[in-house]
Structure formats: structure tokens, C-alpha cells
*Asks:* 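The structure that follows is given in the form of C-alpha cells.
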Amino acid sequence: MFETLTDKLQRAFKNLRGQGKLSEEHLDAALGEIREALLDGDVNLGVAEEFIAHVRAKALGSEVLLQLSPDQQVVKIVRDELGDLLGREARPQFGSRPPAVWLIVGLQGSGKTTSTGKLGKWLSEHGHRPIVVSTDVYRPAAREQLAQVAKATGTPCWPGTGTDKPLEIVRGATREAKLSASDVILVDTAGRLHIDEELMNELSMLKRELNPAEILFVADAMTGQDAVNSAGEFHKRLGVTGVILTKLDGDARGGAALSIRKVTGAPVKFVGVGEKYDALEPFLPDRIVSRILGMGDVLGLIERAEKTIDAKQARDLERKMREDEFTLEDFRDQLRQIRKMGSIEQLMGMLPKVGPFAKIPKDAAIDEKQLTSVEAIINSMTARERADSNLIDGKRRKRIARGSGTTVQEVNQVLKQYADMRRMMKQYGSMAKAGRLRGLGKLAGMK
Amino acid sequence: MFSLFTKREGSLLDRLKQSVAKTRTEIAARVEQLLTGNRPVDAELLHQLEAALLSADVGVRTTKEVLAALREQVNQHKLEDAAALKQELKRQVLKILEAPAAPPDGQPTAAPRVIFVVGVNGTGKTTTIGKLANRLKGEGARVVLCAADTFRAAAIEQLEVWARRAEVDLIKQKSGADPAAVVFDALSAACSRGADVVIVDTAGRLHTKSNLMAELEKMKRTAAKVVPGAPHDVLLVLDATTGQNGLNQAREFFSHAGVTGIVLTKLDGTAKGGIVVAIARELHLPIRFVGTGEKVDDLVPFDAQTYVNSLFD
């Protein structure tokens, strides 16, 4: 079974209950579990061990062992320290004189070109006039790729045709930027290994020529132990000013972020969270702490809910729950809102694997298609039927099944789900009326 | 049939040695230092071996298991000195890597043999296909490439360049086309042209995206309709810099796409790609090839012995 860090910590500390005082041995057992969690999360071994030593000193200093729930205390210290290490949210820099140059560097396949496209879009949306240029004269169709990405995001792109010298290409782009009054030049570079002398020198040369305001190291969130070597070498050669952590929409824990932060000192400035060009977000350190430890991203889930759920609709829903007026129409609205938040799988991935969620099997097959057919079934009802489900007799059920391309059994199932949900809401509603659920109003009214 | 998945080829050793010589990671050096000579076996030694395995991305679980086996033998006084320990450690890792059944080599299938190349974004699928096409062509096979990555910008153009370099045919449609339709076209064309091999380039996809994994399943079904038994091989391309997530990737692609083997790319850097040990252990998937650079001939068959030596020598 999939044992969570919290479970393990509780186990590590369990022996001490009833034994009176905790010993340092217990603490070390717990720290051993945390070390494993960090390693499972791809934090570099050296970084993890240094971190553990630090937490140990801190825990002893704050007399964790005398506390009531030492496991929670230790987790708190770990989280705080991880948060400190990752730093605060960092703003991108634009230098003093436009056009500012952002140099995008990294290993092959880390996602430089896609990130460059996303940055172009992000900058445009934040009142800038970016222009993109690719100096990747090596990989087949690399420049073509950026040109297509730029076209898709509506960002100007300097094609640099007629030359295959990176230096000449960026000089052309700089001229163009000044002519077109662009204020940020995004320079996409070829992917390279950090031990490739020749190509690393090329980057140094580009840096000297361009004097960039940002040198952004693009790192794949799935990177393992080697992150310290590659990021360290890029930093040594170039002085990385920020990190873009990509492919964070997968299930990688992203411990490389910690390793990279440790060796470069540079903050993560953006994270890539999808294949669409608007899937670029500023980095929020709190989020990734839970993720690295394998504890889910509840904050992200709440934020996503806040972004999607309409406050007025939420208030209406709350009233309906209280008045027991929850109709099939409302049921459909609920479904739609959930689907707007993202794929079910993605949402599930954000839940912690503890508490009430621990029992959800890892591969719980929640079929998106099922949601589609539920919606189709409700759509096939008449307005009157949606308002009053008691109307729906056997004949109507048959018609609805035909109309939605489903079976009567499926229609029955939806109606049963709706009835269950309504019963549940009635309970909540009467609880809220009795004032036992004061939080609910706040939740429903949140913006 | 040509030697698509033969084993052993001297050049892997040379290449790995080259790349190791280039970097000579401190871990490998440290282990060697530790393990030569008659140093007695002690806790510190085992601890450092653990560090070597973990630093190569082998992962906590597999590392623990390997070390537990070693410790047991130490306790039984079977391993007296560091050199013997090193031998045993190598043997353990080798055993894991060699456990997967040998690839179905050279079995005469009705042509064409269909190879799907799958993986998450940015692992080097297209580059690997270019190299693989070149390799098969060199062995006298008639190769057709299928540009079924219709999603990523300029993916088709990239594959076109590789097809030209390897002088093989390419079947493509427009960007944004249904990848299963491209597979259908390519396989039909390959049949009528009497091709020996079709290599299908698929779009990079995160293994957590169920709709994209379903798309892959559809492409497989389409392939089987045109060529019975296709795809004959499904190669998962794995980046050597990948950490523990590699195991999740392998699991998901294995269950959805029926992966039959692994190609480990970017082994010319400082990353060791040790997650393949964990993958071989859990899923019994063989590693077929390793990628060691950007040139067209930088793809060589995997050899477990050589790989293990590169981890510890």
C-alpha cells in the first residue's frame, strides 16, 4: 500500500506514547522517514541530508520532544524550513533600459521553447511588448517551432533567416526590438548538456553581447538527482537569475526545485502547468512544499475552486440547500462547474493522500465520459421535468434515455444520484438553519 | 530478419567510457576509491554504497532492497572485503536488469514490423526515431516513418529533417490531424510499398492525462486493424535525467500502451538514469537502446553489464 509521510511519522513517534518522554532516537527515526520522503520526491541526496541535519538541530532547539504531538511539530518545522529555503514569490526583472533581454537556457527537452511562447503571452497580458527569437541553430526545426508557437500566441518573432550564427541572430532581433518598440526580448537558446564546453561558451558569449536582465534556467519538474550538477554548472557559467519549473501538471513531486534553489540561490519565478500557452503561473513556494513531501496541494485546489465558482451561484445554491429547492437544473450546473475546474484526474491529484482521501484508490477510474452522459441525460429532460423530478415516470425515462443515447438504467442511476444528493443537502440545510454549520455560508459566499 | 534488437555491441562501452571520462562524477570515483583494495566491510562502506545508488536515481526502495541483500551476505561473512562487496553489488543490479525476458529477436513477422515510440514531453522521441531509422536503414531494412505527433509545433518538420538525413520515407498529414488517421495512412502506405519497418512518432504526453493516454490506445487499435499484431514493439523513451517519476511514467505507459521496452536517452551527460533499475525490477521491462548524443549514430543497444560497470567503475 501507499503509505503517506504522515502515517510514517505517526508510526515513528508511536512508540513513545505511554513511554513518557521521547528520545532523540524517536526523532531520528522520524527524520529518517522525512529523508526518504524527500528522496522519493527527487530532492538531491546531499541537499536532503543537509536539510535533515538542519531540521534536527531546530527540533532539538525548540524542544519538540516535550510537545504533545511531536509528529505534527516536526512536520511543521519541516514545512517552515522548506518554505524558507524555497524563498518568497519572486518578481521578474526588466532592467533599467528597454528592451530588457531574458535569456532562456536549459538542458534538451526541458521545455524552453514552449516556456518562451508562454512567457511571450504572459508578458503581453501584463502590459509588455515582447518579441521572441530562437538561437537554436542545431536541433532540426527548432526555429520553426518557436515561429509557430509565436504565431499561435500572437507574439512577434524575429526569424533570423539568412544566418546560422546565434550572435548575428540576436543582433538582428535587438535592432528589430528597437524599431518596433518592443520592451522585452525573449531569447530561446538551444538545449545543451552542462558539460558541453563549446555550447556553454556560446551562452557566455550571448550573455556578454546581450547583458540580459534575466537568465532563466528551465528545469523539468521530473528531474532527479542530477539537477544539482546541471543547474550548478549553468549557474557557474552564467549566473542564473531565475528558474522556470516545467511539466508540473504531471505527478512528479518536483524536489528538483529544492536542489536547484540550493545550488543556484535563484528563485523559481514561473511554473509550467499544461500544454496550452496560458498554462504558466507565478511560483508559490507554499504549494510545492506539500507536493515535495507527497502531501497534496489543497491550497491550489481551493484557489482553482475560487477562480471557477461564481460567488452569486454559490450563494443561490446555499439558499436552495436551505430551502430544499435543489433541482436537477442545479445538479447540472454543479457538474458543469466542477468540469470547468479541470479534469477530474487533475483535481484528484491535488488532494492529499491522507485523512478522508486516503481511501480513494490511486487509480480510481473516474470516467470523464460518465460526466458527459450524465449531462446529456439531464439535457434530454424538459424544463418541467428538471424542476420537478417526481414527474419523471417510466415512459418519460424511456424517452430521456433515447434522447440522450443512454439506457433507462443509466437514467435511473442519475435520478438516484440526484435524490441522494438532495437528501444530503437537506441534512446540511437543516444543520445550517440550526446554526451548526456557520462556516457553510462563508464557504458559499467566497469570492 | 535484421538485427533490430540484438544485444552486445562494443561501442556502448566506448561511449559510456567516453562520457564517464568526460565527467567522472564524484560518486563513481568515490565508490571506486572505496571499493578497491582490501578495505574491510563496515557500516560506513555500506552507507557510501547507499549514497552511490541513491545519487544515480535508483530510488529508495530498490536501493534498500539491494543493500539488504548485501548486508545479509556480509553478516554471513560471505563478503570479506571491499572488492568482493563490489562484485556482489554489481551482480545484484545486473540480476535486476537482466531479469526481463529477452526481446523477441528476429522472429519472422508478417511485414511490416510496427514500432510505436512513446513517452512524456521532451525525452527525445523524435531524435531517437531519427537515429533508429538510420540504424535500421544501415542494416538494409526499408523504413517508413510516421509523423503522428500532430500536436507539438514543428514536430512534423523536425521528423522530416531526420527522414531526409536517414534517407527514409515519411508519411505525414497536416498539423492538428487525428494521429490515428496518420497511423492508418502510414501503415497502409508501408504495406503497399513493401516496407520492413514502420516507426510511429507520437506526441509527448504526460502519463497522468487520461484523454491523451486513451488517444494512444486508439492509435494502437488502428494499427492493429491495418497490420495484424501491430504494434510489435512499443518503446518508451526515458530521459536519463528523470528521477523517481520515471517509475510512474513506465507504469502508466506500460498499462495503457503496452510498452515492450525502454530507450534511455541523454546518457552522455552526468545523469545515470538509475531509475531504469527500479523499472526493470518492478515491470520487468528490458532496456533496448541508449542514446548518447545528438548525432545520427548516437544510439546503441543496451548492454546491462556495461551499464552496471559505468555505474560503479
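Side chains included, hydrogens not; waters and symmetry mates left out as well; all remaining heavy atoms used. Below, chains carry the letters A, B, ... as their sequence lines are ordered, and counting in each starts from 1.
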*Asks:* Between Gln249(B) and chain A, which part of the residue has a heavy atom less than 4.5 Å away: side chain, backbone, both or neither?
*Replies:* side chain
*Asks:* Given the options Val161(B), Ile275(B), Leu54(B), which has more heavy-atom pairs under 4.5 Å with chain A than any of the others?
*Replies:* Leu54(B)
*Asks:* Which residue in the set Val259(B), Leu132(B), Ile199(B), Ile129(B) passes side chain to side chain contact (heavy atoms under 4.5 Å, CB included) when paired with Leu235(B)?
*Replies:* Leu132(B)
*Asks:* Between Met222(A), Glu49(A), Gln108(A), Arg143(A), which has the largest tally of heavy atom pairs under 4.5 Å with chain B?
*Replies:* Met222(A)
*Asks:* Apply side-chain contact (heavy atoms from CB on, under 4.5 Å) to Ala180(B) and list each qualifying residue two or more places apart in sequence or on a separate chain.
*Replies:* Asp178(B), Lys218(B), Met219(B), Thr222(B)
*Asks:* Give me each pair satisfying salt bridge (Lys or Arg N to Asp or Glu O under 4.0 Å) with a member in residues 216-231 of chain A, each pair once, sequence neighbours excluded.
*Replies:* Asp220(A)-Lys247(A)
*Asks:* In terms of heavy-atom pairs under 4.5 Å, which option from Glu144(A), Gln145(A), Lys151(A), Glu233(A) contacts chain B the most?
*Replies:* Gln145(A)
*Asks:* Looking at Lys121(A), I want to see if its NZ is surrounded by more than 12 non-hydrogen atoms of other residues, nucleotides or ligands under 6.0 Å.
*Replies:* yes
*Asks:* Got Phe151(B) and Leu212(B) here, is their nearest side-chain heavy-atom distance under 4.5 Å?
*Replies:* no
*Asks:* Where does Thr242(B) contact chain A at under 4.5 Å (heavy atoms): side chain, backbone, both or neither?
*Replies:* both
*Asks:* Heavy-atom cut-off 4.5 Å, strictly under: side chain, backbone, both or neither for Arg35(A) against chain B?
*Replies:* side chain
*Asks:* Which one of Glu160(B), Arg165(B), Arg152(B), Glu294(B) has the most heavy-atom pairs closer than 4.5 Å to chain A?
*Replies:* Arg152(B)
*Asks:* Please determine whether salt bridge (charged side-chain N to carboxylate O under 4.0 Å, His left out) holds for the pair Glu50(B) and Lys64(B), giving the CA-CA distance in whole Å, both sets of side-chain angles, and the decisive distance to 0.1 Å.
*Replies:* CA-CA 8 Å; Glu50(B) 181 196 28; Lys64(B) 268 186 174 173; over 6 Å; no
*Asks:* Check whether Arg61(B) gets within reach of chain A through its side chain, its backbone, both or neither, counting any heavy atom under 4.5 Å.
*Replies:* neither
*Asks:* Most heavy-atom pairs under 4.5 angstrom with chain B, which of Gly191(A), Ala252(A), Gly255(A)?
*Replies:* Ala252(A)
*Asks:* Of the listed residues (Gly273(B), Gly243(B), Gly274(B)), which shares the most heavy-atom pairs with chain A below a 4.5 Å separation?
*Replies:* Gly243(B)
*Asks:* Do Val149(A) and Thr116(A) have side-chain heavy atoms sitting under 4.5 Å apart?
*Replies:* no
*Asks:* With only heavy atoms counted, which part of Leu146(A) is less than 4.5 Å from chain B, the side chain, the backbone, both or neither?
*Replies:* neither
*Asks:* Just so I know, are the side chains of Trp162(B) and Val296(B) near enough to count as touching, which here means a heavy-atom distance under 4.5 Å?
*Replies:* yes
